[in-house]
Amino acid sequence: MLIDYHTHLENGPYTMEWLQRFVDQARAAGIAEIGFTEHGHRFVAAQGIVDNDIVRGWGGQDVEAYVRLVADAKKEGWPVKLGLEMDYVPGKEKEIASFLGSYPWDYVIGSVHWDGDFALDLPVHKPEWERRGVDNVYRRYFELVRQAAKTGLFDVMGHADLVKIYGYRPSSAFDLEQEYRVTAQAFAVAGVAVEVSTAGLRRPVGEIYPAARFLAACHECGVPITLASDAHHPEDVGFAIQSAVAWVRNCGYGDLVTFTGRRPHRAPLG
Ligand SMILES: [Zn+2]
Ligand SMILES: [Zn+2]
């Protein structure tokens with residue numbers, strides 16, 4: 001089967017009409033299940049978990065309305081999942097757990113976008129890369145991703161090498177292979193899946209997340225995968241999904257994992 005387990009409704013209203021455009025595009029792309037994964041920080045109920053001026057400006061949505069909308073789509077018999085993309089913020093584990101425990105998610109993606117007030121993927125923060133140094137940004141990023149997996153709060157690790165987004169590469173002194181191996185092992189120990197996302201193809205790096213050598217290390221450790229587009233508009237649902245399928249097959253994968261009520265289920269790929 002094919003799935004798209006990372007999509008955002010945030011650029012439209014929480015209505016069946018808007019959601020149906022995503023479902024229609026999924027069907028047209030041969031996708032059997034589409035998961036909606038709104039950003040946790042958009043919801044009033046999760047305010048204060050990511051606590052900086054930029055994110056505060058993005059908030060204000062009603063999580064109850066989102067949960068109800070996806071439940072209504074399920075009642076229609078549409079092949080949808082209630083997901084969430086939750087930022088990992090060290091020190092906020094209790095607050096995250098409390099928010100996650102309040103709603104009937106099918107699965108929760110754990111993502112690292114922020115290190116304090118520094119956003120890896122916001123172009124406005126590009127100068128900060130130079131100040132910190134690329135090697136240090138990489139080192140800190142993978143530390144946070146492993147720490148996120150170990151919390152046990154998440155089912156799937158989102159775009160797990162987002163740090164390559166701009167194509168900045170660490171120096172030859174930096175052992176990226178070692179980061180991949182240790183991180184893949186941490187995923188296996190934590191029992192999380194890793195997301196294979198075509199969003200990286202739409203970013204300056206022009207490469208699927210995670211890198212082939214990272215994904216191969218995940219496969220060796222027995223870490224299951226989901227497939228994802230990170231679509232923020234209906235037309236991006238299932239974006240380049242056949243490239244993702246080829247990418248994961250090359251890394252040894254023949255199956256993927258789906259989730260219902262946070263319970264994983266393996267299914268054959270393709
Ligand atoms: Zn993300
Ligand atoms: Zn996302």
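Note that ligands are numbered from 1 as they come in the structure, with each ligand's atoms numbered from 1 the same way.
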*Is the shortest side-chain N to carboxylate O distance from D53 to R56 below 4.0 Å?*
yes

*Regarding N11 and H232, is there a side-chain donor-to-acceptor distance under 3.5 Å anywhere?*
no

_Restricting to N/O/S atoms, is H159 within less than 2.8 Å of the Zn ion (ligand 1) or not?_
yes

Contacts under 3.5 angstrom, residues 26-37 side chains, donor-acceptor by atom type, not counting sequence neighbours:
| from | atom 1 | to | atom 2 | distance (Å) |
| --- | --- | --- | --- | --- |
| E33 | OE1 | Y5 | OH | 2.6 |
| T37 | OG1 | T7 | N | 3.1 |
| T37 | OG1 | T7 | O | 3.0 |

*Residue D230 atom name (nearest to the Zn ion (ligand 2); N/O/S)*: OD1

*Find, among atoms of E85 that are N, O or S, the one nearest to the Zn ion (ligand 1), and state its name.*
OE2

_Can you tell me if, anywhere in H6, an N/O/S atom lies at a distance from the Zn ion (ligand 2) that is smaller than 2.8 Å?_
yes

*asked:* Looking only at N, O or S atoms, which one in H113 sits nearest to the Zn ion (ligand 1)?
replied: NE2

*Would E179 and R146 pass as an ion pair if we require N to O under 4.0 Å?*
yes

*Side-chain donor-acceptor pair present, D135, S171, cut-off under 3.5 Å*: yes

*N, O or S from H8 under 2.8 Å to the Zn ion (ligand 2)*: yes

